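What follows is a set of notes on a single structure, which appears directly below.
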Amino acid sequence: MNSNTDFTLAIEDLTVSFDGFKAVDSLNFYLDQNELHVVIGPNGAGKTTVLDLICGKTKSTSGSIKFLNEELTKMSEHEIVRAGVGRKFQTPSIYENLTVLENLEISYPYGRTVAGSLMFKRSSEVLEKINQTASEIMLQDDLDTEAGLLSHGQKQWLEIGMLLIQDPQLLMLDEPVAGMSVKEREQTAELLNKISKGRSVLVIEHDMEFVERIAHKVTVLHQGKILAAGNMEEVQNDPKVIEVYLGH
Amino acid sequence: MNFVYEKMMGGKKGLTGFLILATLILVIFPLFLDIFRLNLVGKYLTYAFPAVSLVLLWGYGGILSLGQGVFFGLGGYGMAMFLKLEASSVENTKIQSTPGIPDFMDWNQLTSLPWFWEPFNSLTLTILAILILPAAFAYIIGAAMFKRRVGGVYFAIITQVIAVILTILIVGQQGYTGGINGITDLRTLNGWDITTDSAKYIFYFINVALLLGVILLSRLILTSKFGSLLLAIRDKEDRVRFSGYDVSNFKIFIFCFSALISSIGGAMFTLQVGFMSPSFVGIVPSIEMVIFAAVGGRMSLIGAVYGTLLINFGKTAFSESFPELWLFLMGGLFISVVMFFPNGLAGLWDDYGHYITDRFSKSKKTKEDSPEIVEKKSDESAA
């Protein structure tokens with residue numbers, strides 16, 4: 001066991017291999033508190049796999065993932081969430097048959113056991129938190145709308161809201177602006193800048209314009225390894241990055 | 001009061017539906033049917049227990065169990081074992097080589113009562129067994145399956161296999177279970193003759209009361225956050241898991257609850273029909289139960305009762321005149337439900353019911369939401 005650190009997330013020597021193919025290869029990665037970090041890279045670079053490993057969806061072959069000095073690799077998915085890690089999936093993953101309010105209510109971090117959910121009361125405290133979250137994600141007027149009827153962009157926001165209501169210390173977003181209109185992208189950038197205060201945010205994104213707008217730091221992943229890391233300008237001018245990802 | 005009205009009844013629409021059903025089976029059937037037919041309806045209504053359990057498990061939870069007959073059978077056998085022991089008193093069985101044990105044991109050269117029959121000498125223990133054993137069995141199956149994330153069609157197949165295994169076990173262990181003939185010749189319950197008309201009336205009403213109680217309890221569960229979670233698990237299991245829930249526990253709970261409901265139905269079946277046999281345990285009855293729920297509308301607790309009644313009335317009517325065609329008809333009905341009206345009778349009522357209600361009430365009413373949405377909405381107003 002390595003020593004404790006100040007990092008929100010400390011990934012060391014992380015490897016996962018699928019039938020011998022190393023999707024993530026001895027990865028070292030650190031995330032500071034209050035940092036908004038974007039991971040970019042070509043298809044198949046292992047970006048989503050890294051998120052899967054952090055949130056427990058995929059089990060690592062070797063290495064360590066420490067979140068606030070707590071080892072995540074041995075924990076089950078719901079324990080990792082309860083520890084304070086929230087993850088948004090690539091395609092909007094919301095409950096289409098439930099209303100926006102119910103979507104947020106289910107994500108509210110109380111009554112998470114069978115008995116707790118049977119006894120759960122929609123108190124004014126819960127409603128207040130739901131309303132507050134809904135206005136943060138610009139859905140305050142759609143609380144009673146069935147989530148399936150929302151636009152694609154609003155669905156993405158709703159899923160972000162479902163994570164925000166749990167107040168995670170680490171928020172992981174997989175391509176949050178994919179399929180969004182220009183205006184929605186702008187609003188999402190604003191939203192991300194706002195919510196990154198007081199927590200760490202890890203984003204996977206392809207849209208370079210969007211990355212430029214939000215990223216404090218950028219890491220380029222290629223074939224399961226880190227190709228380059230730094231601020232946006234450094235990364236954009238890195239010849240290796242231009243070679244494999246950004247193009248000439 | 002408001003809590004009861006909104007949560008259990010499901011608001012105005014839910015209450016209306018519940019009252020119509022209650023009037024039909026509590027007042028109209030007993031008034032207009034002779035005791036033979038009423039007893040038959042009572043038998044059908046015991047199948048409504050597993051049908052209701054499938055609405056919870058399959059309709060809301062998305063977990064298709066093709067083995068609800070197992071739990072129905074366990075409840076039914078539990079009750080039958082108690083009644084059989086009472087019917088096998090030493091005086092009643094003095095012509096046997098070993099008096100005081102059930103007749104089929106004597107025929108199979110058993111000379112003493114097997115240990116697992118002993119608790120069924122007591123009515124209290126029998127009732128406890130009916131309530132606990134099937135749920136405990138469901139817990140073991142559920143924990144083994146859901147903790148390993150076995151779901152969907154694999155779960156359905158495994159439940160079906162369990163139904164087959166249990167049937168084979170019952171048929172094969174004739175000396176312990178009564179074999180293919182089941183447990184028959186049941187006469188008294190604590191000395192009270194259960195074959196009389198008055199007993200049949202009483203059992204009918206107990207059965208109806210239990211069924212209505214189960215529906216209300218199920219509604220209470222569905223209108224809680226647990227109910228929303230069931231739907232959420234059905235539609236986006238991963239999202240629920242990554243919202244900090246241990247999904248398997250929720251599935252195990254609803255599976256156990258569905259087993260409990262089915263078991264109560266089985267026990268009431270034995271009391272009203274007077275015997276229990278493996279033909280109510282295996283694959284065919286288990287699948288029939290799914291059809292009852294599907295025809296009634298798999299998202300509607302009340303619909304499940306109507307679906308059960310409709311199919312069974314149809315079965316009785318048709319199998320009297322065209323016994324060989326009935327299975328084809330039922331298969332065809334199941335396919336057409338899946339293809340043309342996936343929400344079953346409840347869906348038809350939601351789409352076209354207002355034509356009927358409009359005719360009765362002159363007041364203009366706009367079409368209301370389907371019951372499950374009303375049920376969901378209701379807890380907002382309750383908060």
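It should be emphasised that the depicted structure is a prediction, and the values quoted were computed from it without experimental measurement. Reminder, nothing fancy here: chain letters follow the sequence lines and each chain counts from 1.
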If you count the non-hydrogen atoms of other residues, nucleotides and ligands that lie under 6.0 Å from CZ in B/Phe341, is the total more than 12?
yes
With chain A as the partner, which of B/Ile254, B/Leu229, B/Val247, B/Ile252 has the greatest number of non-hydrogen pairs under 4.5 Å?
B/Leu229
Heavy-atom contact with chain B under 4.5 Å, split by part of A/Glu159:
side chain
Hey, are the side chains of B/Ser228 and A/Tyr95 touching, using non-hydrogen atoms and a 4.5 Å cut-off?
no
Atom pair CG/CZ of B/Asp246 and A/Arg112 - distance to nearest 0.5 Å
12.0 Å
Bottom line for B/Phe242: the part with an atom under 4.5 Å from chain A's heavy atoms is both
Shortest non-hydrogen contact between B/Lys236 and A/Ser93, atoms and distance:
CD-OG, 3.5 Å
So which of A/Val114, A/Thr113, A/Ile106 actually passes side chain to side chain contact (heavy atoms under 4.5 Å, CB included) with B/Tyr245?
A/Ile106
Region of A/Arg87 in contact with chain B, defined by heavy-atom distances below 4.5 Å
backbone
Which portion of B/Asn249 sits near chain A, non-hydrogen atoms under 4.5 angstrom:
both
In this structure, CZ of A/Arg122 is separated from NZ of B/Lys225 (nearest 0.5 Å) by 10.5 Å
From B/Arg239 atom CZ to A/Ile94 atom CD1, the distance as rounded to the nearest 0.5 Å
10.5 Å
Say you draw a straight line from CG of A/Leu98 to CG of B/Leu231; how long is it, rounded to the nearest 0.5 Å?
5.5 Å
More than 12 heavy atoms of other residues, nucleotides or ligands under 6.0 Å from OH of A/Tyr110: yes or no?
no
Given that the side chain runs from C-beta out, which part of A/Ile80 has a heavy atom under 4.5 Å from chain B: side chain, backbone, both or neither?
neither
OG (B/Ser243) and CZ (A/Arg82) are apart, to the nearest 0.5 Å, by 11.0 Å
Near B/Tyr154 OH, under 6.0 Å, is it more than 12 heavy atoms from other residues, nucleotides or ligands?
no
Which atoms of A/Met119 are under 4.5 Å from chain B, going by heavy atoms: the side chain, the backbone, both sets, or neither?
neither
Is it the case that atom CD in A/Glu125 sees more than 12 heavy atoms from other parts of the structure closer than 6.0 Å?
no
